[in-house]
Amino acid sequence: MYLKAIELENFKSFARKHRIELKPGFTAISGPNGSGKSNIGDAILFVLGPKSSKVIRANKLVDLIYDGGKTGRKADYCRVSLIFDNSDRVLPIDENEVKLTRYIKRTNNENGYNSYFYINDEPARLQDFESLLMHAKIDADGYNFVKQGDVTRIVEMTPVERRQILEEIAGISDFDREIEKAENKKKSVEEDMEKIKVLLEELENRLKVLEKDREVALRYRELEDRLKELKAGIAYSKMMNSRQQMDSYRRQVEKYEEKIKHLEEEVNERKGELENVK
């Protein structure tokens, strides 16, 4: 796989549409000052998607749109396409050519622009770009692309800094970052486990207290039910005693009423005898 061509339209100093062919084996873009070498490099990075717009020498992405120069009219959009030879299928697309296009159009929204992505002229997302480029081990913030001044900077580096670059290119730094990420995750998990352990101990202690409270509550309910039974028994016993007393009183009243009846009859008999004597 290699970069076969670059298509630019209204990007920085490139007004209208331009196509730059890159034959197999081409590794550098050279030319006199002011010829647009750096802008071509910025165009490539623009599609690859660096984390910061400062890498492509712009305060914000809308600054990449052709400003009209000294006499021209400002453009409303810019478009850059990177065309890769994919005959070896390094990119996971079953095509001999893969075209990655990024398009920016001026708008009145908060950012001042809308950004669009296309893969082989089909709408896509930034995540789709990143996934494809990851398969090819291409990173806008890595060392796949050497910009003007990078060689001098690398030469002036210390051996340790130069080694870091080699490790980055070889992918060792990725493993180191993964190891560091795994260690941080392990540390985070261990901290969470300690918190969970403390929480479990608190819950166990609380459970013991609740078990005691449950035993007390069950005992209280048992005694309360027993108390209700006893009260019901006492009330029933009182009721039965009252009924017996009432029956006894009723029988006594009946006896007294019978005596009164006999006495009344006897009184009446004596009254009759008394009248007969007169």
Side-chain angles (χ1 to χ4, degrees), residues 1-53 55-58 60-69 72-107 111-142 144-148:
M1 186 192 79
Y2 67 93
L3 182 60
K4 188 175 182 178
I6 308 169
E7 293 180 352
L8 306 95
E9 187 175 1
N10 296 329
F11 183 84
K12 284 198 167 183
S13 61
F14 290 91
R16 298 180 300 280
K17 190 172 181 178
H18 300 270
R19 181 182 173 94
I20 302 171
E21 299 284 345
L22 299 174
K23 302 299 181 181
F26 276 41
T27 59
I29 299 174
S30 62
N33 292 337
S35 62
K37 303 185 302 296
S38 298
N39 288 345
I40 294 173
D42 292 342
I44 296 173
L45 289 173
F46 167 63
V47 177
L48 297 182
K51 292 182 176 65
S52 172
S53 60
V55 175
I56 48 181
R57 299 179 303 150
K60 49 187 178 180
L61 291 181
V62 74
D63 295 336
L64 301 174
I65 301 175
Y66 178 65
D67 63 1
R73 192 179 69 176
K74 289 185 177 181
D76 292 328
Y77 69 91
C78 73
R79 180 189 289 109
V80 178
S81 297
L82 301 183
I83 302 169
F84 292 93
D85 182 288
N86 192 42
S87 55
D88 52 7
R89 299 296 189 271
V90 172
L91 294 173
I93 294 179
D94 192 19
E95 299 285 346
N96 289 330
E97 280 189 358
V98 175
K99 182 180 180 182
L100 303 182
T101 302
R102 190 170 185 187
Y103 173 87
I104 286 181
K105 181 177 178 61
R106 295 183 192 273
T107 61
N111 295 324
Y113 67 90
N114 282 333
S115 183
Y116 305 91
F117 300 86
Y118 300 89
I119 298 175
N120 286 348
D121 296 325
E122 294 292 333
R125 304 169 302 166
L126 174 60
Q127 293 91 327
D128 300 324
F129 269 45
E130 292 175 344
S131 177
L132 284 176
L133 296 171
M134 190 180 355
H135 276 86
K137 300 189 186 319
I138 298 174
D139 183 2
D141 297 304
N144 306 99
F145 187 78
V146 180
K147 300 183 291 295
Q148 187 177 3

For this session: State whether a side-chain donor-acceptor pair under 3.5 Å links Arg89 with Asn96.
Result: yes
Exercise. Does a side chain donor of either Glu9 or Tyr77 reach within less than 3.5 Å of an acceptor in the other side chain?
Worked result: yes
Exercise. Under the criterion side chain to side chain contact (heavy atoms under 4.5 Å, CB included), which of Ile65, Leu8, Leu61 is the partner of Cys78?
Worked result: Ile65
Determine the minimum heavy-atom distance between [X] and [Y], stating which atoms define it.
X	Y	answer
Phe14	Asn39	CE1-CB, 3.7 Å
Lys74	Asp67	CG-O, 3.1 Å
Val62	Gly112	CG2-O, 3.9 Å
Leu64	Phe46	CD1-CD1, 3.5 Å

Problem set entry | Derivation and outcome, side chain to side chain contact (heavy atoms under 4.5 Å, CB included), residues Leu100 and Ile119 | CA-CA 5 Å; Leu100 303 182; Ile119 298 175; 3.9 Å; yes
Problem set entry | Mutual orientation of the aromatic rings belonging to Tyr103 and Tyr118 [parallel < 30°, tilted 30-60°, perpendicular > 60°] | perpendicular
Would you compute the distance between atom [atom1] of [X] and atom [atom2] of [Y] and round it to the nearest 0.5 angstrom?
X	Y	atom1	atom2	answer
Lys105	Asn114	NZ	CG	9.0 Å
Arg102	Leu126	CZ	CG	7.0 Å
Glu95	Asn120	CD	CG	5.5 Å
Ile83	Glu21	CD1	CD	7.5 Å
Ile20	Ile40	CD1	CD1	3.5 Å
Asp63	Ile104	CG	CD1	10.0 Å

For this session: Decide yes or no on side chain to side chain contact (heavy atoms under 4.5 Å, CB included) for Met1 and Val98, but give the supporting numbers first.
Result: CA-CA 10 Å; Met1 186 192 79; Val98 175; over 6 Å; no
Exercise. Hey, are the side chains of Phe26 and Leu3 touching, using non-hydrogen atoms and a 4.5 Å cut-off?
Worked result: no
Exercise. Considering only heavy atoms from C-beta outward, does the side chain of Ser81 approach that of Val47 to under 4.5 Å?
Worked result: no
For this session: Look at Asp128 together with Arg125 and state whether they make a salt bridge at an N to O cut-off of under 4.0 Å.
Result: yes
For this session: Applying side chain to side chain contact (heavy atoms under 4.5 Å, CB included), run through Phe84 and Ile138 and close with a yes or a no.
Result: CA-CA 12 Å; Phe84 292 93; Ile138 298 174; 4.3 Å; yes
For this session: May I have the step-by-step check of side chain to side chain contact (heavy atoms under 4.5 Å, CB included) for Leu82 and Ile6, ending in yes or no?
Result: CA-CA 5 Å; Leu82 301 183; Ile6 308 169; 4.1 Å; yes
Exercise. So, Arg79 side chain and Lys17 main chain: donor-acceptor pair closer than 3.5 Å or not?
Worked result: no
